[in-house]
Amino acid sequence: MASRASFPSPEDGLALHRCLLEGDPTAPSDVAAACLEPLIAALGPCNPTVDPHMIGEAAEEAILALIKNPASYRPGGLDLAAYLQMAAQADMKNALKREGRHHRHRADWAAVELSDDPRNNLGRDDDPALPLLVTEGARALRALVPPAVLEGLVEAEIRVLELMLQRERRTRVYAEAYGVLHLATHEQRRVIKQVKDKLKKRMERAEKRNEPTP
Amino acid sequence: MSQPLELLARRVMSDPFFLASPLACFAQSEGLDEPALAARLGCDVAVLTALRLCRSPDPRPPGFWKDVQAIAGRLGLQADALAEAVRLGQNLQQMRCAAGVPGSLLAARDREPGDGPDGSGPGGQEPGGNA
């Protein structure tokens with residue numbers, strides 16, 4: 001069995017693919033167990049500015065597509081790992097297009113959201129309390145969010161914002177914070193994505209307002 | 001079992017291709033939570049994720065037993081218990097599809113000229129309403 005962070009060897013990949021083609025009912029489970037986590041791990045560094053949630057979905061899509069249509073992969077060219085990475089990248093690209101977002105646009109926000117240094121985006125580097133706030137973690141970061149971002153947000157949305165600032169990735173954690181844990185997983189994802197998009201737009205607008213005018 | 005796998009296993013609960021789907025129907029109809037479902041199938045709760053990601057057995061008799069035995073043998077389940085759960089789950093799925101119960105798979109249809117903008121029917125009437 002491959003470790004969680006590494007793909008199966010090319011030989012093991014071929015064996016898994018063969019089991020899928022032969023209709024082994026346990027093959028989908030084996031393929032997912034062997035490839036999902038390594039695929040997510042491989043996609044992350046190649047897409048540092050893409051929402052990890054979207055990376056996870058793209059990995060899932062690529063694996064589900066292979067499971068449903070194993071003939072789409074033709075051994076002899078790429079090995080299974082490379083094929084899945086290519087398929088997931090394509091899924092991700094399509095998802096980004098569907099959202100009407102450019103990578104560059106996302107990179108702008110991701111840099112804001114994920115920056116280790118709040119001074120990079122909040123325009124508060126003259127705040128004498130900043131060094132202390134930086135070390136206080138997520139609560140301090142929340143305190144540094146421009147008031148316009150927080151204005152009108154309900155408590156559940158603020159909890160989601162806190163989680164974003166903490167770099168939380170798990171949908172379940174967001175769902176719990178936003179009070180939608182009772183929904184089906186795909187519904188949770190949809191709802192949480194909407195909230196995150198709304199918050200990101202607010203941050204982007206606040207950032208633009210803070211930009212010096214020429 | 002890893003969290004991404006668990007998420008995937010839950011995602012496919014609405015996909016009849018995967019065993020997760022009939023198992024979810026079965027568990028729901030019997031009022032079973034995860035530990036109870038695992039106990040009924042004679043396995044550990046941790047095995048449920050791998051089980052859910054297996055292909056759903058062919059509903060036709062020869063293939064059904066072959067698939068059930070392959071899954072049960074591989075994951076260490078009681079084949080009879082798995083067969084009973086899957087058979088009941090698949091039957092429930094068929095009944096729900098036939099009845100158009102929410103949660104079953106429904107085919108999309110084109111909007112009719114009189115339909116409201118949100119698809120709620122003419123004049124905003126609720127789907128299926130008799131007013």
Side-chain angles (χ1 to χ4, degrees), chain A residues 1-5 16 19-44 52-53 55-70 88 168-175 181-190 192, chain B residues 1-25 27-28 33-34 43 46-60 62-77 79 82-83 86 90 102-105:
Chain A
M1 181 64 73
S3 72
R4 285 188 167 188
L16 286 169
C19 288
L20 279 178
L21 285 172
E22 290 169 355
D24 179 344
T26 63
S29 185
D30 290 339
V31 168
C35 299
L36 180 59
E37 279 197 79
L39 184 53
I40 292 171
L43 291 170
H53 173 74
I55 290 176
E57 285 199 339
E60 287 181 358
E61 289 295 336
I63 285 174
L64 290 177
L66 176 72
I67 287 170
K68 296 273 187 83
N69 183 17
E168 178 57 61
R169 296 181 174 192
R170 292 165 293 178
T171 302
R172 184 179 174 79
V173 176
Y174 281 104
L181 207 51
H182 61 286
L183 297 179
T185 305
H186 68 280
E187 276 297 305
Q188 289 179 18
R189 285 181 176 158
R190 189 181 62 75
I192 294 304
Chain B
M1 197 56 73
S2 75
Q3 195 204 17
L5 271 183
E6 286 174 18
L7 289 173
L8 182 61
R10 295 190 181 283
R11 174 179 172 176
V12 299
M13 277 183 180
S14 57
D15 185 342
F17 177 90
F18 290 94
L19 193 48
S21 179
L23 283 181
C25 285
Q28 188 184 19
D33 59 10
E34 295 226 333
C43 69
V47 175
L48 289 180
T49 297
L51 182 62
R52 287 178 171 129
L53 288 167
C54 288
R55 174 175 60 74
S56 194
D58 183 343
R60 292 166 295 188
F64 182 83
W65 277 105
K66 189 180 161 196
D67 287 347
V68 164
Q69 285 174 333
I71 296 166
R74 177 69 190 281
L75 296 178
L77 305 172
L82 179 62
V86 175
Q90 287 179 336
S104 62
L105 296 176

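Naming: A, B, ... by sequence-line order, numbering from 1 per chain. Just so it is clear, the values below take in all heavy atoms, side chains as well, and ignore hydrogens, waters and symmetry mates.
- Interface remark: A:T185 contributes side-chain atoms only to the contact with chain B (heavy atom separation under 4.5 Å).
- B:R74 has no carboxylate O lying under 4.0 Å from a charged side-chain N of A:D24, or vice versa, which leaves the two without a salt bridge.
- Looking at B:L7, both its backbone and its side chain come within 4.5 Å of chain A, counting heavy atoms on both sides.
- Residue B:V12 comes nearest to A:L64 through the heavy atom pair CG1-CD2, 3.9 Å, listed as atom of the first residue, atom of the second, then distance.
- Most heavy-atom pairs under 4.5 Å with chain A: of the set B:D67, B:I71, B:L53, this distinction falls to B:L53.
- Contact tally against chain B (heavy-atom pairs below 4.5 Å) for A:A184, A:G23, A:A27: the top residue is A:G23.
- To the nearest 0.5 angstrom, A:T171 atom OG1 is 8.0 Å from B:Q3 atom CD.
- By the salt bridge (charged side-chain N to carboxylate O under 4.0 Å, His left out) test, B:E34 pairs with B:R10, B:R52, sequence neighbours left out.
- When every heavy atom of B:L8 is checked against every heavy atom of A:A32, the shortest pair comes out as CD2-CB, 3.9 Å.
- Heavy-atom neighbours of chain B within the stretch residues 55-63 of chain A, taken at a separation under 4.5 angstrom, comprise A:E57, A:E60, A:E61.
- Residues meeting the salt bridge (charged side-chain N to carboxylate O under 4.0 Å, His left out) test with A:R190, sequence neighbours left out: A:E187.
- When every heavy atom of A:I40 is checked against every heavy atom of B:P4, the shortest pair comes out as CD1-CB, 3.9 Å.
- Heavy atoms closer than 4.5 Å to chain A are found nowhere in B:V68, neither backbone nor side chain.
- Qualifying side chain to side chain contact (heavy atoms under 4.5 Å, CB included) partners for A:R169, counting only residues two or more places apart in sequence or in other chains: A:P52.
- Put simply, OG on A:S29 and CG on B:L75 are 6.5 Å apart, with the number rounded to the nearest 0.5 Å.
- With a 4.5 Å cut-off on non-hydrogen atoms, A:I67 touches chain B through its backbone and its side chain both.
- Here the NZ-CG distance, from A:K68 to B:D15, works out to 3.5 Å after rounding to the nearest 0.5 Å.
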